[in-house]
Structure formats: structure tokens, C-alpha cells
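Computed over heavy atoms, backbone and side chain alike; hydrogens, waters and symmetry mates excluded.
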Amino acid sequence: MSDIGFLSRGKSTGDFNVDDQHAQPDPNNAMTDRDREIALHLSALRSKKPENRAKAVKRLGDMQAHLDEVVAALDDPIGIVRIAAAEGLAHLEFERLTSDMLESLLAAIDDRDDRVCCAAIRTLGMLGVEVARDEIIPFLEDRNPFVVNAAITALARLGPAEIGEKLIGFLDAENPYLQSAAAYAMGTLRYAPAGPAMLERLPQLLQAGDQANPVILGNYIKALGDLRERAAIPLLIEIAQNHVGMRSKSIQALIEMNAVEAAPILAHMLADPGVRLRDSLIRLMVTAGYADAPVLLRPLLTDSNTSIRQLVLLALTQFNDQAAIKAIRTMSRQDTNPYLRAAAVDSLFTLQGDEALRDLLNLAADLNTNVRRAVAENLGKMTGLSQEAQAALNTLANDPQPEVALQAQGALQKHHLTPPGQIASPPPAVRSLLPEALLPELDTLLEALQRWQDGLAGGSAPGNLSELAQLDRALTLLLTHLERAREQRLQDPE
């Protein structure tokens, strides 16, 4: 054990009488809830019932309190207590791992109870104790498949990638438990030589249908994504389309590979009611930079699920989707989630720049603190302010909510407007290119083209999505000029 002395930079085991942060009583000599819980578990350690001792030692380990007691429990005469002690050390901060603790864990891997051995091996892997690698490798030949599984998983976490050479053979193990662990290890280690073999094996696993082990399938699919095995993209697309239980995992693997080609094929699945599936699909489209996605994503701004609305808002903003401005404007005023309304304000400025001024001013007196703060922040980003905008910022600078007031004061400073009377010139408005002859038909054109664009998503069959997206972009450009013309007409009725 001479090679583990470097770990002694932590405190010795004996110093851990109680978690340092909570060991000292407060000035009022009152126990905190944590102190009470620790005292309760310390008492339970003296129980004659092994299950009570096991629960207590596991919880003390999780709390990182009285670690000397946790380590001592590795010598308890009852196996379930020793298991709990080994598991209780799994989430220990590495800085607190001492040489004595490590030696106790290494001794535990030779415990007479295989369950204790498994727990100790897993904990060494989770703690990333690389010096334990050579001690764990022999367990790959253990007679107990659960011990072998623990060894495979721990070595996958410890690395390096080259150790995959010792583990790849378990992909062909008779025991499915070991197959699953090996698949996990190949992906975790990014052991590239395993990619072709795993791709060849996956269709065979899928042929088992309902009898297929979902854990093994999931680990295979995830590993192919982690390995960036691009030859697997067609198969992963097929799985996403036809294997319901593995859809999200397949799409996540495609995301890992930045599989642009998968986006148009799977885009129609956005109509699926599953939140997890749609979440994965949206992320795939963004990661792949799928430019035709906005026409399908836009309707989801009104989805009933908040996380989907938030993700779509971020996606459309990243795609610079000008056609979404109207819906995002509505979201900034009406969304049921107060934080999402503020995010919509940010998106309005990102998409419009200085042209978002009217939207910001309309929301400057909103009852939602988050919205007012977002208004102040984005007014600070504008290249110039009108007198009306400066007045709004001055009001916000005196907002009863400190976070709003501070944001507005910072925005005023950015525009050098802290002294009264200094007003930066706002940028000139962008003029519409609509011919004067069409002005009398402005409202009719706007309504008709907007209805046309709103209905595009309903015709989004996989075969014509690219054409629909081109039409969507053309309509967006036309609607932008029509909106500008309407703004100019309101500002200058003559």
C-alpha cells in the first residue's frame, strides 16, 4: 500500500469526529436539524438490529459526517452493514479521502461476502481512485458475475481508454448482466475499436422484439453515440422510428454524433405527445443546425408543457426565426410561466435588436418582476434611446424591487444617461419596401399571408419539408415588410 501515501493530504481518519461545518454548536447552543439527524444515526449505530445500523451508517456516509464511524462499520460482523458502509463512502469528496479510508476500502474488496466486495469495488470506481485499478483487474475473472459486473463498471470509470481491450470480450458473454456492463464500459471509455462490433451486434439484439433486454439495448445505443460510430446513423434512425421504448435514447445518440441527416427524417415525430421524445428531437434539430426546423417548431410555442415551450423559444431564437416574433411577443405578455415571459423578452431583443423598443416599452410597467428586469437589461443593450425609453428606464431605476432598480441603473450608465438631460439618439427606423399602390390592401395582405404561414406546419410531410421551409422563409420576409409598413402608417397617418 506504499503507493497510496499521496492521499494523506486529507485529514486522518481520527480527525473526522463530525463534519467540520456542523461540529461546532451555534452561539445559542441550539441544535440544527442536521445535528439532530446525525445524533439520531449515531444512536442507531449501537442498535442490535443490523438493518438499523445499515441505514444509519449509509446516511452518515451520504452526509459526510462522522466518517470514522462509517469506516469502522466496514468491520461490522453483519454483511448488510458492511455493504452500507462501503456504499456510504461512494459520494465522499475526494479531498476528504485519506490513506486509512482507502486501505479499508481496498481490504473490503476481499470481503468474504461478495456483496460487500461489489459495493467496495463500485465505490472505488465512483471515487476515481486510479491506484485501485490493478487491485480491481483480477476480479474480471471472478466466478460471481455480479463481482465481475462491478469490476467492469469501476474500470470503465477509472480508465484509461486502453483498458477497454480487457473488457471488450464481455460483449459476447453469456450472462446478459455482463453484456450490459461491457456495452456501458465501451461507451464510457470511448473505446473506438468496439464500435463496429457493437453495430454488428445491435440488429441481433433488436430481433428479440419484446424479449430484448431494454438495459442492454439502451447501453448499446448510448455507446454507439458516445463512440461517434457514424455508420450506425441509419440504424439509429430506424430505431427512433420503429422502436418506441428506445426512441429517446436513439435520438440522443444521434445528437452526440451531430447527425444532420437524421433531422428531416425524424422531424414529423414532433407531433408525438411524449415530452421526452420531443425534447430530444428539438435538441437534435438545434445541434444539427437544421435550418428547415422553425416551420415545425413554431407551433410548439403554445405547447401545454413549460419545458417544451422554453426549449422551443431558445431554439427559434438560435435559428433567428423572424416569423416567430409575433408568437414570442404574445408569450412575453401572456405565458403562464413568469420566468418564461422574461425569457421571451430577451428573445424579442435578440431577434429584433433596436426594433424591439416598442415591445420593451409596452412591458416596462408589467406586474412581473422578472419581465421588468428583462426590459431594463435589454434597454441597456440598445444602441440609442428615445426620450420615451429614457423615461421608462428612469422609472425602472426607482422600482420597488431591488433587482429591477439595479438593472435599470446599470442600463442608464451604459447609455451615459445618469446625469439628466443627456439623451442618445435612437437609430433611424428601417423603412418598408412595400409599394404605395398596395398600402390600401395592407391589412388584407397581412391577414392572408399570416394565415398561410400559420397553416404551413400542418402540411409538413417528410418529403416536402424543405420546400415548405423555403416558402416559410419567403412569407417571413414579406410579412416583415408588411409589418414595417403598418408601423410607419401608425406613426405617420398622412
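- Within the 4.5 Å cutoff, the side chain of Arg247 has heavy atoms near those of the Met269 side chain.
- Asp321 contributes no side-chain N or O that, together with a main-chain N or O of Pro294, makes up a donor-acceptor pair within less than 3.5 Å.
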Could you please spell out the steps behind the side-chain contact (heavy atoms from CB on, under 4.5 Å) verdict for Leu155 and Lys166? CA-CA 10 Å; Leu155 290 170; Lys166 294 182 178 294; over 6 Å; no

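- Nearest heavy atom pair, residue Arg309 against residue Met331, reads CB-CE, 4.3 Å.
- Within the 3.5 Å criterion, the main-chain N or O of His91 finds a donor-acceptor partner in the side chain of Gln64.
- Residues Arg278 and Asp272 share a closest heavy-atom pair of CD-O, 3.0 Å.
- With hydrogens and angles disregarded, no donor-acceptor distance shorter than 3.5 Å links the side chain of Asn149 to the backbone of Pro145.
- Not a single donor-acceptor pair under 3.5 Å links the side chain of Arg122 to the backbone N or O of Ala86.
- Rounding to the nearest 0.5 angstrom, the gap separating the CG atom in Asp399 from the CZ atom in Arg373 is 12.0 Å.
- In terms of heavy atoms, Asp113 sits closest to Arg82 at CB-NH2, 3.7 Å.
- Under the 4.5 Å side-chain criterion, counting only non-hydrogen atoms from C-beta, Ile163 is not in contact with Tyr191.
- With hydrogens and angles left out, the side-chain atoms of Asn219 and Ser180 include a donor and acceptor closer than 3.5 Å.
- Note that NZ of Lys49 is 14.5 Å distant from CD1 of Ile78, once rounded to the nearest 0.5 Å.
- In Lys55, the NZ atom is not crowded: 12 or fewer heavy atoms of neighbouring residues, nucleotides or ligands sit closer than 6.0 Å.
- Residues Met186 and Met198 are in side-chain contact: their nearest non-hydrogen atoms beyond the backbone lie under 4.5 Å apart.
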Could you walk me through whether Leu270 and Ile282 pass side-chain contact (heavy atoms from CB on, under 4.5 Å), step by step? CA-CA 8 Å; Leu270 282 170; Ile282 294 165; 3.8 Å; yes

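- We find that Asp33 and Arg36 are joined by a salt bridge, their nearest charged nitrogen and carboxylate oxygen being less than 4.0 Å apart.
- Look at Glu69 and Arg46 and you find a salt bridge, because one of the NZ, NE, NH1 or NH2 atoms lies within 4.0 Å of a carboxylate O, short of that distance.
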Worked check of side-chain contact (heavy atoms from CB on, under 4.5 Å) between Val70 and Met101: CA-CA 10 Å; Val70 179; Met101 292 178 185; over 6 Å; no

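- Between Val404 and Arg372, the shortest heavy-atom contact is CG1-CB, 4.0 Å.
- Atom CZ of Arg59 sits about 11.0 Å away from atom CG of Leu40, to the nearest 0.5 Å.
- Counting heavy atoms from C-beta outward, Asp110 and Cys117 have side chains that stay 4.5 Å or more apart.
- Looking at Arg133, its side chain does come within 3.5 Å of a backbone N or O of Gly159 through a donor-acceptor pair.
- With contacts defined as side-chain heavy-atom distances shorter than 4.5 Å, the pair Thr350/Asn320 does not qualify.
- Annotation for Glu403: atom CD counts as buried by contact number, over 12 foreign heavy atoms lying within 6.0 Å.
- Looking only at distances, no side-chain donor or acceptor of Ser332 sits under 3.5 Å from a matching main-chain atom of Ala344.
- Considering only heavy atoms from C-beta on, Met126 stays 4.5 Å or farther from Glu87 through its side chain.
- Note: Arg298 CZ to Phe319 CZ = 11.5 Å, rounded to the nearest 0.5 Å.
- No side-chain donor from either of Gln179 and Asn175 sits under 3.5 Å from a side-chain acceptor of the other.
- Nearest heavy-atom pair, Ser347 versus Ile328, reported as atom, atom and distance to 0.1 Å: CB-CG2, 4.2 Å.
- Donor-acceptor pairing under 3.5 Å is recorded for the side chains of Ser307 and Asn305.
- Side-chain N or O atoms of Arg34 include one that pairs as donor or acceptor with a backbone N or O of Met63 at under 3.5 Å.
- Using a 4.5 Å heavy-atom threshold, the side chains of Ile152 and Val148 count as touching.
- A donor-acceptor pair under 3.5 Å is absent between the side-chain atoms of Asp111 and the main chain of Val116, judged by distance alone.
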Please walk me through it: do Glu261 and Arg230 pass salt bridge (Lys or Arg N to Asp or Glu O under 4.0 Å)? CA-CA 11 Å; Glu261 59 268 48; Arg230 295 194 63 82; 3.4 Å; yes

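- Ionic pairing of Arg333 and Asp366 is not present here: no N-O contact between side-chain nitrogen and carboxylate oxygen is shorter than 4.0 angstrom.
- Summarising the geometry of Ala259 relative to Leu284, their closest heavy-atom pair is O-CD1, 4.1 Å, with the distance given to 0.1 Å.
- Note that the CG atom of Leu235 and the CG atom of Leu202 stand 5.0 Å from one another [nearest 0.5 Å].
- Between the side chain of His243 and the backbone N or O of Glu238, no donor-acceptor pair lies under 3.5 Å.
- With values rounded to the nearest 0.5 angstrom, Tyr184 atom OH is found 9.5 Å from Asp226 atom CG.
- Under a cut-off of 6.0 angstrom, the local environment of NZ in Lys58 is crowded, with over 12 non-hydrogen atoms contributed by other residues, nucleotides or ligands.
- Gln310 has its side chain out of reach of Asn337: every pair of non-hydrogen atoms, C-beta onward, lies at least 4.5 Å apart.
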Dump the intermediate steps for side-chain contact (heavy atoms from CB on, under 4.5 Å) on Leu171 and Tyr220, then the final yes or no. CA-CA 10 Å; Leu171 290 172; Tyr220 261 76; 3.6 Å; yes

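- Checking side-chain atoms of Asp35 against main-chain N and O of Thr32 turns up a donor-acceptor pair under 3.5 Å.
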